[in-house]
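Counting convention: from 1, in listed order, for ligands and their atoms alike.
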Amino acid sequence: MTDARSQPAATAPSGACSIPLVDLKRQHDFLRREIDAAFRAALDESAFIGGSRLASFETSFARFLGVGRCVGLANGSDALAIALTGLGVGPGDEVIVPAVSFFATSQAVRRIGADVVFCDIDPVSANLDVERIESLISPRTRAVLIVHLYGAPVDMTAVLEIARRHGLLVVEDCAQAAGATWGGRRVGAIGDIGCFSFYPSKNLGALGDAGCIVTDDHELATRCRMLANHGGLAKYQHDIGGLNSRMDALQAAFLEIKLPLLDRWNDERRAIARRYRNLLGGSDLDLGAASQEDSVFHLFVIRTRRQAQILARLRANGVGAEVHYPTPLPLVKANADLGAQPGRYPHAEAHCASAISLPIFPLMTDGEIEQVASAVLDAVAAP
Ligand SMILES: *Cc1c(COP(=O)(O)O)cnc(C)c1O
């Protein structure tokens, strides 16, 4: 049940860009002593699967989110598939998914044999257009898979209202939004189940792959733990079909070190976003998703009609800008069999053809922010 996935490297190859999209080394240098100590302690114990470190992180993260249970998993992609299976979604069911996200979002639905129904996005936020959800509901619709894209929370009040009215399950893909809040509650703790990725470059990142699900439903949490542990809670207990998708104890120990910094680092991301907005405000760039103040800014995404040209100029000037994502999910090759034609998801297509992500990461300096902003203004001003 593992996907062969490839995600762009989190940091630019050394020398290619003077300001990378994300600088993980800076975070880890800042935490080096604690990380070294955690690694040494794990080595001394040589207990790598399950155990007290995993249990401790699960408790800490659940408490941080204000939710009853957290189950550590191997990665965010499995978290989505396990969450859906745990909820009883499977073949014959339809799941509504935004047309713009990372590939894993729609693939999670497909790999459990359910049918994806894509929802076009809101042209400003780039999140799924909540007002469109009802028009996509059929008698087979079981769930809505919400993605808080780039770290900006979706209007969960409206989503829950629609879900209640139609008896739908709500799954939150919080891979990009750890720590974000909607209406005073942390995302992930709002729907029926929340799914997180701790891929290294996420706002809360491990030193390798990791993920989790969170829910207030204890039975659902237990089912997810069994699904991720060969179908049981104990050795040689295989009560349901399952796979191996556990979080390593070592990753749990590293995440426990980083968790107390998450709110502070999200505040830093917000401050960087404000600074960018001030510096870029006068230009004719479309700030779109980048203007959302309640985002935790996993990515700072601007839009321009001259995507390729501006991207090339930024790269030439040492700015590690990227495109998230170049292709709407209905049009990626792996989803070609679903038969979506170009023009069917116009807002998603327009977004993917115009989005540019600028560098943003905790511990980014004022000088770097100014350098990126002036490179953007130069690129925009160029003929
Ligand atoms: C990163 C990401 C995932 C997948 O998480 P992995 O831990 O890399 O498997 C899923 N959905 C979204 C929106 C993501 O950004």
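- By the 3.5 Å distance cut-off applied to N or O atoms, Asp209 is not counted among the residues near ligand 1.
- Judged as a salt bridge (Lys or Arg N to Asp or Glu O under 4.0 Å), and not counting sequence neighbours, Asp120 has no contacts.
- Taking any N or O of Ser197, backbone or side chain, at least one lies under 3.5 Å from an N or O belonging to ligand 1.
- The atoms of ligand 1 that sit less than 4.0 Å from any heavy atom of Asn75 are 7 (O), 9 (O).
- Residue Ala104 has at least one heavy-atom neighbour below 4.0 Å for each of these atoms of ligand 1: 4 (C), 10 (C).
- In this structure, Leu329 CG and Arg110 CZ are separated by 11.0 Å, a value rounded to the nearest 0.5 Å.
- Here is the list of ligand 1 atoms found below 4.0 Å of a heavy atom in Ser101: 13 (C).
- A 6.0 Å sphere centred on CZ of Arg305 holds no more than 12 heavy atoms belonging to other residues, nucleotides or ligands.
- The distance from atom CG of Leu204 to atom CG of Leu255, rounded to the nearest 0.5 Å, is 5.0 Å.
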Check: residues 143-168 side-chain donor-acceptor pairs under 3.5 Å, at least two apart:
unit_1: His148; atom_1: ND1; unit_2: Val154; atom_2: N; d: 3.0
unit_1: His148; atom_1: NE2; unit_2: Glu172; atom_2: OE1; d: 2.8
unit_1: Tyr150; atom_1: OH; unit_2: His324; atom_2: O; d: 2.5
unit_1: Tyr150; atom_1: OH; unit_2: His351; atom_2: NE2; d: 2.8
unit_1: Asp155; atom_1: OD1; unit_2: Thr157; atom_2: N; d: 3.2
unit_1: Asp155; atom_1: OD1; unit_2: Ala158; atom_2: N; d: 3.0
unit_1: Thr157; atom_1: OG1; unit_2: Trp182; atom_2: NE1; d: 2.7
unit_1: Glu161; atom_1: OE1; unit_2: Arg165; atom_2: NH2; d: 2.5
unit_1: Arg165; atom_1: NH1; unit_2: Glu134; atom_2: OE1; d: 3.3
unit_1: Arg165; atom_1: NH1; unit_2: Glu134; atom_2: OE2; d: 2.5
unit_1: His166; atom_1: NE2; unit_2: Glu134; atom_2: OE2; d: 2.6

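- The Ser77 neighbourhood of ligand 1 comprises atoms 4 (C), 5 (O), 6 (P), 9 (O), with distances under 4.0 Å to a heavy atom of that residue.
- Rounding to the nearest 0.5 Å places CZ of Arg275 at 10.0 Å from CG of Leu280.
- Contact annotation: for His298 versus ligand 1, there are no heavy atoms closer than 4.0 Å.
- Under 4.0 Å from ligand 1, the heavy atoms of Asp173 that appear belong solely to its side chain.
- Interface of Gly76 with ligand 1, defined as ligand atoms under 4.0 Å from a residue heavy atom, comprises 5 (O), 6 (P), 7 (O), 9 (O).
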With side chain to side chain contact (heavy atoms under 4.5 Å, CB included) as the test, would you mind laying out the steps for Gln27 and Lys258 before giving the verdict? CA-CA 9 Å; Gln27 279 186 24; Lys258 289 191 177 185; 3.1 Å; yes
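- Near Thr105, meaning under 4.0 Å from one of its heavy atoms, ligand 1 places the atoms 11 (N), 13 (C).
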